[in-house]
Engineer: 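I have a structure I would like to understand better, so I am pasting it below and will then ask my questions one at a time.
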Amino acid sequence: MTAIGTAIAAALLLVAASPTAKVDDLAWMAGQWVSEANGRWTEENWTGPRGGVMLGVSRSGQGDRLREFEYVRIAAGADGVPAYIAQPQGGAPVTFRLVQRDAASATFENPAHDYPQRIAYVRTGDTLTATISAIDGSKARRWTFRRR
């Protein structure tokens with residue numbers, strides 16, 4: 001194969017590997033979700049997609065005490081690929097690009113971020129599982145939510 005042929009083949013593989021998704025394709029995340037275990041709770045609330053954006057808010061606590069909160073949105077990045085934009089504790093936004101998806105799962109990554117570097121969601125019926133981890137999958141933390 002010539003150098004040009006190799007370059008074209010590599011470009012085609014890159015295009016095939018990148019998700020051709022729109023924010024609307026992630027509508028399965030919409031809803032009110034709650035996880036409760038050992039006196040601790042976490043809630044995530046996601047709006048359905050509208051205007052090319054999904055809005056989310058997460059809060060965690062123990063008993064009647066709030067420990068953490070986060071504002072989140074999913075919107076198309078400059079390249080058109082959906083991105084998960086998180087603002088923990090209302091701070092500066094951190095962007096994670098959608099790298100993989102299917103009809104009921106989505107994985108977002110930002111290898112330059114300290115932690116997490118990967119955020120993954122999987123929906124099975126009325127269960128939504130969220131996992132954060134390092135880019136290699138280590139240091140994983142998982143929440144299993146039930147639809148409220």
Side-chain angles (χ1 to χ4, degrees), residues 9-148:
L12 289 173
L13 281 174
L14 184 61
V15 169
S18 65
T20 55
K22 295 180 182 173
V23 173
D24 288 357
D25 296 327
L26 304 174
W28 52 266
M29 290 175 59
Q32 294 182 324
W33 304 94
V34 65
S35 174
E36 295 181 287
N38 303 320
R40 293 186 175 171
W41 49 267
T42 300
E43 299 171 339
E44 281 202 13
N45 296 296
W46 285 98
T47 66
R50 190 165 190 182
V53 175
M54 290 179 70
L55 298 175
V57 64
S58 175
R59 63 181 175 180
S60 297
Q62 187 167 8
D64 62 355
R65 185 172 172 213
L66 179 70
R67 298 174 69 121
E68 300 174 325
F69 70 94
E70 182 170 54
Y71 301 118
V72 187
R73 68 186 180 276
I74 297 175
D79 60 0
V81 175
Y84 183 102
I85 304 154
Q87 293 182 260
Q89 302 299 105
V94 180
T95 301
F96 299 81
R97 187 177 189 273
L98 180 69
V99 296
Q100 186 176 358
R101 69 146 184 112
D102 62 26
S105 70
T107 301
F108 303 87
E109 292 182 350
N110 179 342
H113 190 250
D114 56 356
Y115 184 86
Q117 296 173 319
R118 178 180 293 152
I119 300 169
Y121 284 89
V122 177
R123 174 146 178 218
T124 306
D126 283 339
T127 300
L128 181 70
T129 302
T131 306
I132 62 173
S133 68
I135 201 73
D136 64 1
S138 66
K139 300 180 185 174
R141 292 184 60 204
R142 178 171 288 123
W143 293 263
T144 301
F145 298 99
R146 299 276 179 216
R147 184 178 288 281
R148 180 179 283 184

Engineer: Heavy-atom distance under 4.5 Å between the side chains of Thr42 and Arg59, does that happen here?
Structural biologist: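 Sidechains of Arg59 and Thr42: no contact.
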Engineer: After noting the C-alpha distance and the side-chain angles of Trp33 and Arg123, does the key distance pass the side chain to side chain contact (heavy atoms under 4.5 Å, CB included) rule?
Structural biologist: CA-CA 11 Å; Trp33 304 94; Arg123 174 146 178 218; 3.6 Å; yes
Engineer: Test your reading of the model: is there a side-chain donor-acceptor pair from Asn110 to the backbone of Thr95, 3.5 Å cut-off?
Structural biologist: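 The answer is yes, because a donor-acceptor pair under 3.5 Å joins these two groups.
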Engineer: So Trp41 and Glu36, do their side chains get closer than 4.5 Å, heavy atoms only?
Structural biologist: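 When only atoms from C-beta onward are counted, Trp41 and Glu36 do touch, with a gap below 4.5 Å.
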Engineer: Parallel, tilted or perpendicular for Tyr84 and Trp46, by the 30°/60° rule?
Structural biologist: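 Tyr84 vs Trp46 ring planes: tilted.
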Engineer: State whether the side chain of Asp79 and the backbone N or O of Val81 hold a donor-acceptor pair below 3.5 Å, judged by distance alone.
Structural biologist: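 Here the side-chain-to-backbone pair exists.
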Engineer: Between Arg67 and Gln62, do the side chains contain a donor N or O and an acceptor N or O under 3.5 Å apart?
Structural biologist: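 Arg67 and Gln62 do have a side-chain donor-acceptor pair below 3.5 Å.
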Engineer: Should Tyr121 and Leu128 be marked as a side chain to side chain contact (heavy atoms under 4.5 Å, CB included) after you check the CA-CA gap, both sets of side-chain angles, and the distance that decides it?
Structural biologist: CA-CA 7 Å; Tyr121 284 89; Leu128 181 70; 4.0 Å; yes
Engineer: So, for Asp25 and Ala21, which heavy atoms are closest and what is the spacing to 0.1 Å?
Structural biologist: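 For Asp25 and Ala21, the tightest heavy-atom pair comes out as OD2-CA, 3.3 Å.
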Engineer: With side chain to side chain contact (heavy atoms under 4.5 Å, CB included) as the test, would you mind laying out the steps for Arg97 and Phe108 before giving the verdict?
Structural biologist: CA-CA 5 Å; Arg97 187 177 189 273; Phe108 303 87; over 6 Å; no
Engineer: Return yes if a side-chain donor-acceptor contact under 3.5 Å exists between Arg118 and Thr107, otherwise no.
Structural biologist: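 Distance-only check fails for Arg118 and Thr107.
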Engineer: May I ask you to say whether Glu43 pairs ionically with Arg148, meaning some side-chain N is under 4.0 Å from a carboxylate O?
Structural biologist: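 Counted as a salt bridge, because a side-chain N and a carboxylate O are separated by less than 4.0 Å.
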Engineer: Using every non-hydrogen atom in the two residues, find where Ala140 and Ser133 come nearest and quote the distance to one decimal.
Structural biologist: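 Minimum heavy-atom separation between Ala140 and Ser133: CA-CB, 3.9 Å.
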Engineer: Measure the spacing between CD1 of Ile132 and CD1 of Ile119 and express it to the nearest 0.5 Å.
Structural biologist: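 Result: 7.0 Å between the selected atoms.
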Engineer: Would you tell me whether Tyr71 and Gln89 have side-chain atoms, one donor and one acceptor, within less than 3.5 Å of each other?
Structural biologist: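 Side chains of Tyr71 and Gln89: no pair found under 3.5 Å.
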Engineer: Taking all non-hydrogen atoms of both residues into account, name the closest pair between Ala92 and Pro88 and its distance.
Structural biologist: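 Smallest interatomic distance, heavy atoms only, reads O-CD, 4.4 Å.
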Engineer: With a 4.5 Å cut-off on side-chain heavy atoms, are Ile74 and Met29 touching?
Structural biologist: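 Yes, their side chains come closer than 4.5 Å.
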Engineer: Taking all atoms of both residues into account, what is the closest heavy-atom pair of Pro49 and Val23, and its distance?
Structural biologist: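 Scanning both residues, the minimum pair turns out to be CB-CG1, 4.1 Å.
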Engineer: Is the backbone N or O of Pro111 less than 3.5 Å from a side-chain atom of Gln117, with the two atoms forming a donor-acceptor pair by type?
Structural biologist: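 Checking the backbone N and O of Pro111 against the side chain of Gln117, a donor-acceptor pair under 3.5 Å is found.
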Engineer: Checking Ser60 side chain against Glu68 main chain: does a donor-acceptor pair fall under 3.5 Å?
Structural biologist: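 Checking the backbone N and O of Glu68 against the side chain of Ser60, no donor-acceptor pair under 3.5 Å is found.
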Engineer: Distance alone, cut at 3.5 Å: any donor-acceptor contact between the side chains of Thr131 and Arg142?
Structural biologist: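 Yes, Arg142 and Thr131 have a side-chain donor paired with an acceptor closer than 3.5 Å.
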Engineer: Taking everything shown except Arg50 itself, do over 12 heavy atoms lie less than 6.0 Å from its CZ?
Structural biologist: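 Result for CZ/Arg50: open.
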Engineer: Closest heavy-atom contact between Val94 and His113?
Structural biologist: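 So the two residues come closest at CG1-CD2, 3.3 Å.
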Engineer: Taking Arg146 first and then Asp126, would you say they form a salt bridge - that is, a charged N and a carboxylate O separated by under 4.0 Å?
Structural biologist: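 Between Asp126 and Arg146 there is no salt bridge, as every charged N stays at least 4.0 Å from the carboxylate O atoms.
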Engineer: What's the shortest heavy-atom distance between Ala130 and Phe145, and which atoms?
Structural biologist: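 For Ala130 versus Phe145, the nearest heavy atoms are CB-CE1, 3.9 Å.
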